Amino acid sequence: MIVPSVRGMKDILPPESERWSALESSFLAKAAAYGFLEIRTPVLERTELFARAVGESTDIVEKEMYSFTDRSGESLTMRPEGTAPVVRALLAHRAELGEWPVRLCYTGPMFRHERPQKGRLRQFHQLGAEMFGTDSPYADVEVLAFLSGFLAEAGLDRVSLEINSLGDAACRPQYHQALSDFLASREGLLCEDCRRRRTRNPLRVLDCKSEHCMEATRDAPSILDSLCEPCRLHFEFVERGLAAAGIPFARNPRMVRGLDYYRRTTFEFVIPGMGAQNTVAAGGRYDGLAEMLGGKERVPAIGFAIGVERLMLLLGEGEGGGRAVEAFFVASSPRFLDEAFRRKMELAGKGVRADMDYEGRSVKAQFRRADRSGAKVVVVFGEAEDARGAVVVRDMASGSQEEVSRDEAMRRLIGLKKEE
RNA sequence: GUGAGUGUAGCUCAGUUGGCAGAGCACCAGACUGUGGCUCUGGCUGUCGUGGGUUCAAUCCCCAUCACUCACCCCA
């Protein structure tokens, strides 16, 4: 009985793994072009970090964290998201990271104990970026331009960007109160879930998919109408910036985020008609988080995360990597295996991939394998040529072949690689 | 956490109203005793997810369990 893998955790096999690597490198390259350099933080953090950053009463902290007590009695948690660890690292290494703004990005696995579903796993992966140390809405526009540019370059079309503002400490409480009062007046019309949400997290009611609730909240007060002057100006600046950058977007005053730390700008890239998990990337501004985590100074910040699995889903199978085999060596007799093997190793050392059959199969079978391997040429080590120190080089596409010296054959194969 | 569906050869699936299981593809060998892709011929492979129960007998019925899928919830 083989040991099964853990629920919701998947092996990523070639050639899919090749596409993952390619996606990650293109992300890091794009990030570098915008000034974001990679940070690698531990997968494990103290549970307290997420409890404080993400919010005690969020679903993530309440029931989705992989937490355990380690041998020293400390409660540790496998990170459910990437922002809190990066902020923690920023505060710990403030002096080493240079002047504001500090731009960091990351890639890696995150863990949440949810019921697995299409586009949702227990170990999933994110590409993320965070920009620290400026309140300027230019930062919001920059981060969105980076994200939107990356998604487009990755080959994603049909995405739409939705933006919203959650206000700040000055205006959000008033809005909460206003919304709460409104919902109280409509209590009877709400679904069971929403009645519960009404007191705990009123914003969620606006996001309910139930038709009754959507109807009942049609004329609910909008957060965007309740913003204080600074928040309103900030939001409008971001909108103008996006327009100037040629990035299409839509306001969505009902957009809700699952983490408590967001302030002001929030955004999501969604794919219409992709099923339940239609958010491929999301983020927002979190100006208060550094202080919540014990930072002495205020560090305004904005960032995003992209769901790699969801992005891969959208990009489809694609061509998929896999390294092409340049040449396949056929040994017409087992006594040529040594020679063929030595040549194969020699080519590998030069970065050329050759393959051969080690099992002593018939020439016919070796050719069949050569064909399937996709090799451009087959090199035959045979009796007749051996006396002359030569081999037969066959072009698999055309079927033409000729006899050349072994050294010449090697030179050609190395040349073949260089032509690409 | 809730609900529904699925789980049979490497892959995609069929199947028996309960009697120790099949197809296609793939794979292997052969159809010229050094040469592939097409065609033809032959061949190999399964604890019928796992553990119990009912039965003379279960892959097919019952219970449990695990995994996967989809939806809800929530989120990347």
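Computed from a predicted structure; not experimentally measured. Letters A, B, ... mirror the listed sequences (proteins, then strands); counts begin at 1.
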Inter-nucleotide [atom1] distance ([N], [M]), Å rounded:
N     : M     : atom1 : result
B:G10 : B:A26 : C1'   : 7 Å
B:U50 : B:G7  : C1'   : 11 Å
B:G15 : B:A9  : C1'   : 14 Å
B:G24 : B:C20 : C1'   : 25 Å
B:A14 : B:C72 : C1'   : 33 Å
B:C48 : B:A21 : C1'   : 8 Å
B:U69 : B:C13 : P     : 14 Å
B:U16 : B:G22 : P     : 14 Å

[N] base / [X] side chain donor-acceptor hit below 3.5 Å:
X      : N     : answer
A:D371 : B:G36 : yes
A:R368 : B:G37 : no
A:Q401 : B:U35 : yes
A:R120 : B:C73 : yes
A:R310 : B:C75 : yes

Describe the nucleic acid contact of [X] in one word from base, sugar-phosphate, nothing, applying a heavy-atom distance below 4.0 Å.
X      : result
A:G82  : nothing
A:E385 : base
A:V378 : nothing
A:R112 : base
A:A365 : sugar-phosphate
A:R115 : base
A:E64  : sugar-phosphate
A:A370 : nothing
A:G399 : base

Working note: A:F381 + A:F336, criterion ring pair (Phe, Tyr, Trp, His ring centres under 6.0 Å); need CA distance, chi angles, decisive distance, verdict. CA-CA 6 Å; A:F381 292 78; A:F336 296 121; 7.1 Å; no

Without hydrogens or angle criteria, can the side chains of [X] and [Y] be said to hold a donor-acceptor pair below 3.5 Å?
X      : Y      : answer
A:Y66  : A:Q123 : no
A:E48  : A:S75  : no
A:D140 : A:H234 : yes

Going by ring pair (Phe, Tyr, Trp, His ring centres under 6.0 Å), name the residues that satisfy it together with A:Y34, two or more places apart in sequence or in a different chain.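 A:F146.
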
Ring centers of A:Y138, A:F237 separated by less than 6.0 Å: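 Aromatic pair counts; centres sit under 6.0 Å.
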
Under-4.0 Å salt bridge between A:R112 and A:E81: no

Mind checking what makes side-chain contact (heavy atoms from CB on, under 4.5 Å) contact with A:L91, not counting sequence neighbours?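 Listed in chain order: A:V87, A:A290, A:L293.
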
Secondary-structure stems, RNA chain B, at least 3 Watson-Crick or G-U base pairs under 3.5 Å: B:1-7 with B:66-72, B:10-13 with B:22-25, B:27-31 with B:39-43, B:49-53 with B:61-65

